[in-house]
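Structure first, then comments.
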Amino acid sequence: MDAYVQRDLVGEEPELRSACSLEAVRVDGVDQFREEVSGAVRRLPRPAVLLWAERGLMDEPQGLYDERRLAAAGLDRERVRPRLVTGTNHYTILIGDEGARVVAQHLLDAAAVPGADGRVDMSSR
C-alpha cells in the first residue's frame with residue numbers, strides 16, 4: 001500500500017496530491033457503466049454493505065456517490081445497505097486512519113470476528 005501511495009503522490013509537502021488526471025479517470029470510468037460492471041451489484045450472492053466516501057478522487061466535495069445518486073441507482077436496500085463513511089475521500093476511505101478503521105470493522109463484523117474493541121456487530125451481515 002505504501003509503495004502505491006508513494007508512486008501516486010506528486011507535489012511538495014504539505015501540498016501533495018494524486019498524480020491521476022481527472023480527465024483520464026473520467027474517460028476510463030466509462031467502462032464502469034457497462035451492464036457487466038454496473039449490474040454486478042444485483043448479482044451479489046448475499047446481502048452486502050456498500051461503504052461510500054463522502055468526497056471525490058481529488059478530495060472534491062462531490063464524491064462518486066451521494067444519497068441522490070444511490071437512490072437513482074435503484075438498489076434493493078434489503079440486499080445492499082449503503083453506509084456513508086464521513087470525512088473520507090476516494091483514498092482515505094481505505095488508507096486514512098478513520099476510513100480504514102471503519103472498513104476493517106465492517107469486514108470483521110461480516111466475518112463474525114471480534115474487532116480491536118471486541119465487538120461483533122451481526123446486523124451488518
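Note that the coordinates shown come from a computational prediction; the quantities given were computed from them, not determined experimentally.
Without hydrogens or angle criteria, R81 side chain to P47 main chain gives no donor-acceptor distance under 3.5 Å. With hydrogens and angles disregarded, a donor-acceptor distance shorter than 3.5 Å links the side chain of E60 to the backbone of M58.
For E78, the side-chain contact (heavy atoms from CB on, under 4.5 Å) partners are D76, not counting sequence neighbours. For V102, the side-chain contact (heavy atoms from CB on, under 4.5 Å) partners at least two apart in sequence or on another chain are V85, E98, H106.
R69 and L64 get closest at one heavy-atom pair: NH1-O, 3.0 Å. Smallest separation of non-hydrogen atoms from S18 and V10: O-CG2, 4.0 Å.
Atom-to-atom distance recorded for N89:CG and I95:CD1 is 8.0 Å, nearest 0.5 angstrom. Summarising the geometry, atom CZ belonging to R79 is positioned 6.5 Å from atom CG belonging to L44; distances are rounded to the nearest 0.5 Å. Between the CZ atom of R55 and the CG atom of D66 there is a distance of 14.5 Å, given to the nearest 0.5 Å. One finds the OG1 atom of T88 at 9.0 Å from the CG atom of L51 (value rounded to the nearest 0.5 Å). One finds the CD1 atom of I93 at 8.0 Å from the CG atom of L84 (value rounded to the nearest 0.5 Å). To the nearest 0.5 Å, the span separating CD on E12 from CZ on R17 amounts to 11.0 Å.
One hydrophobic cluster, built from ILVMFWY side chains closer than 4.5 Å, holds both L94 and L9. Residue W52 is not grouped with residue V49 when hydrophobic side chains (ILVMFWY) are merged at heavy-atom distances under 4.5 angstrom, including chains of intermediate members.
Side-chain contact between P82 and Y65 is absent, with no heavy-atom pair separated by less than 4.5 Å.
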